[in-house]
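Report on one structure; see the data block that follows.
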Amino acid sequence: MKKAATKSINPCDIRAVANFYAAQLQLCCPHSPTSYPHARRVHAHMTTSGFKPRGHILNRLIDVYCKSSHLVLAHQLFDKIPQPDIVARTTMLAAYSASRKPDMALEIFNTTPLRIRDTVFYNAMITTHCHNDDGHAAIELFRGMRREGFPPDNFTFTSVLSASALVADRETHCQQLHCAVVKSGTGLVTSVVNALLSVYVKCASSPLVSSSSLMGVARKLFDEMPVRDELTWTTIITGYVRNGDLDTARQVFEGMEEKLVFAWNAMISGYVHNGFVSEALEMFRRMNLLGIKLDEFTYTSILSACASAGLFLFGKQVHAYILRMEDKLSWDFSLSVDNALITLYWKCGKVDEARMIFNNMPVRDLVSWNAILSMYVSAGRMNEARSFFIEMPERNLLTWTVIISGMAQNGLGEEGLKLFNQMKLEGLKPCDYAFAGAISSCAVLAALEHGRQLHAQLVRLGFDSSLSAGNALITMYARCGVVEAAHCLFLTMPFMDSVSWNAMIAALGQHGHGAQALELFEQMLEEEILPDRITFLTILSACSHAGLVNRGRSYFDAMYRLYGIRPDEDHYARLIDLLCRAGKFSEAEDVIQRLPFEPGVQIWEALLGGCRIHGNVDLGVQSAERLLELRPQHDGTYILLSNMYADVGRWDDMAKVRKLMRDRGVKKEPGCSWVEVENKVHVFLVDDTAHPEVQAVYNYLEELGIKMRELGYVPDNKYALHDVGSDKKQHGLSTHSEKLAVVFGLLKLPRGATVRVFKNLRICGDCHNAFKFMSKVVERDIVVRDGKRFHHFRNGECSCGNYW
DNA sequence: GTAGGGTTAG
């Protein structure tokens, strides 16, 4: 039947029919929603009428199918062509490139004979490599096409220049390509110079080169351009913005005769990213006054400005304005703006509102999901974060990074490391941020060997200059007890920020090197690194650990006066801790009286801790009572209070506290200590009998005890008595977990190696005393990290100076 | 038939 139909059309008519079909397909605009159904109808008509499309009609049909995302259909058609021409091949290849299927594009490329290839075809393949972030492949292909004698054109140069921006040695490639551009005669084509500008600008913002000279090259190109388009302006403006030179960016911007929305957006986002929120808002107001039509980029940038500056009310006004004109906006618009709105709400602490926006979004993308995940993580709502993560329809590197570092931040190191491994199993290559999350997990677990291995991997992968990983490593080494390694790393880091300084100051403070910590802080100020609220938390702790009361007090005063940072509850708590440890109770009470807020858990904990050290029972009882009201289920308060009564022999009161604890069903967190030996973590509990080699430990402990007593060690049974729930106390036989772990380390670790032990709770007084003697007897360093700080025992002394 | 900039998630 079909044959009959074909036969009935004579050659003249076939040409007329072909023209008809071509005209019909011409009606299909590339991205209109009606183009695909129309093309299908035309296609069906051809099939039923027996017309066999060839040449440009076929190519056009393939093109429409590709552009309307019907790649399978397009490819079926393509496969039916006996010898597809270069136009059909380029169309198919570019379609695969645009839909991020580089393997399919490469297959078409490789099966296309050299003799029919042309420059356009190579250009399309170079672009495919760019979209696949494979700069080297793109550059290699560019070289190949020149070897084969295909002349590069302006399209070739724009693509290969953007490829060179992707590679590490981009500056070299860029300069070579610049020469090739000049030789090819495309050196005055606007699009080519734009691409050149773009690479120079990117090279300049790389931290490894001196930016000023490269921005100079870019500026010269810009000044000498015969024709500039809007892209030119945006590129040069963002160039200055990325290099932090907002004044020059502004000058260039003001020099534009007709300021297009692109350029406004570049300025606004530049101000936002560099922290100049009021300038960004000023730009926004000016745009409104001039009646410039705002687009989704303007709104997202301005919402992000509000989010980072905490300008909730202004942001809400923008939100209301957007809602009023919502019906005029497209879906795509609403997606990115909704994402920015989520960020606005959660950064301003409105977690549930942010979740509502997410729930009501008609379309969501990964950015939306990742934003909510980050929100739960930073709010410490890890159960919600965990289930949200599982629910996610897709994940990318960022998703994994957020959840891994979130686990670490919330003390869930084991889960963090598990997720890091799972991520690798799923075939994702961790970036430096993901490594930072895994390293922080090691810091939480005090898993030194594991952390060292991650450090080694990091160096092998070339991430050793990474800021985030470096900062995480400082903290990891410090928290694993190797403060020297942390310091060494800090001194050799190629780039640093305030986080790096904070981490190192905190490391020195935790290890009892208070004076050094303060020295480093002064150096930080000299280098004009602005301290933040975390910096002050760490120096107040450092002062507290080292007993530097006066300096701590004066830093506290300087915080707001000199740096405009209002002290929060945690700053006040550290101040009170500092004062109480030094026995200055009336001053501490005075501070509490004049607090600008209701004292919370942290304040009373600090006070109680100080009272315990100095045996100030009355004040201690008062603060414990407040704590028991605020947090009745927390075990720590009961333990501290009962220990305090025991210290002064008030056994009845002690018994009452224990009864109260039992009545309320509060369980004491069992004390445990652990030590890493040959990459394996050995955990000990009080009076441990479970560890397979525990008998050897008890034997060696006895042996050491004899030598220690010869040097003057007197066991203090008072502390053993305090162990709630331990029935061996009357005999004074109880052996704390930290003693077992230290002795196991002494037995198992190589001769002379430092023993590093970690304990979940605070170290006990008798153990502290015992380790001093032990370090002298065995002539080895012993490091113990307890819940609060580090103790370095060496030659009979502890780094804390008994001040803890 | 092929190219290039600005946004939102760490």
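If you're wondering where the values come from, they're calculated on a predicted model, not measured in any experiment. Chain naming here is simple, since letters A, B, ... match the order of the sequence lines and numbering starts at 1 in each.
Shown here are the salt bridge (Lys or Arg N to Asp or Glu O under 4.0 Å) partners of Arg250(A), two or more places apart in sequence or in another chain: Glu254(A), Glu282(A). With sequence neighbours left out, His319(A) forms a ring-ring contact (aromatic ring centres under 6.0 Å, His included) with Tyr345(A). Applying the ring-ring contact (aromatic ring centres under 6.0 Å, His included) rule to His273(A) yields no partners; only residues at least two apart in sequence or on another chain are considered. Contacts of Phe150(A) classified as ring-ring contact (aromatic ring centres under 6.0 Å, His included), with partners at least two apart in sequence or in another chain: Tyr122(A). Under the ring-ring contact (aromatic ring centres under 6.0 Å, His included) criterion, Phe253(A) pairs with Trp264(A), not counting sequence neighbours. In terms of the salt bridge (Lys or Arg N to Asp or Glu O under 4.0 Å) criterion, Glu426(A) has no residue partners (sequence neighbours excluded). Every residue meeting the salt bridge (Lys or Arg N to Asp or Glu O under 4.0 Å) condition with Arg143(A), not counting sequence neighbours, appears here in chain and number order: Glu140(A).
Asp118(A) comes within contact range of at least one nucleobase, with a heavy-atom separation under 4.0 Å. Contacts of Thr401(A) with the nucleic acid, taken as non-hydrogen atoms under 4.0 Å apart, include base atoms. Using a 4.0 Å heavy-atom cutoff across all strands shown, His56(A) reaches no nucleic acid atom at all. No engagement by Trp400(A) is indicated, since no non-hydrogen atom pair under 4.0 Å with the nucleic acid exists. Among the protein residues, Ala266(A) comes within range of no part of the nucleic acid, since none of its heavy atoms lies under 4.0 Å from any strand. Cys66(A) comes within contact range of no nucleotide atom at all, as no heavy-atom separation falls under 4.0 Å. As judged by a 4.0 angstrom heavy-atom cut-off over every strand, Ile86(A) is placed among the base-contacting residues. Using a 4.0 Å heavy-atom cutoff across all strands shown, Ser374(A) reaches sugar-phosphate atoms only and no base atom. Among the heavy atoms of the strands, none lies under 4.0 Å from Arg395(A). At the heavy-atom level, Asn396(A) lies under 4.0 Å from base atoms of the strands shown.
In 5' to 3' order, the nucleotides of DNA chain B bounding all contacts with chain A (an atom under 4.0 Å from a heavy atom) are dG1(B) to dG10(B).
Among all heavy-atom pairs drawn from Ile372(A) and Ala354(A), the shortest one is CD1-O, 3.9 Å.
Against DNA chain B, the stretch residues 432-443 of chain A makes heavy-atom approaches under 4.0 Å through Tyr433(A).
If you look at Phe389(A) and Trp400(A), their ring centroids are closer than 6.0 Å.
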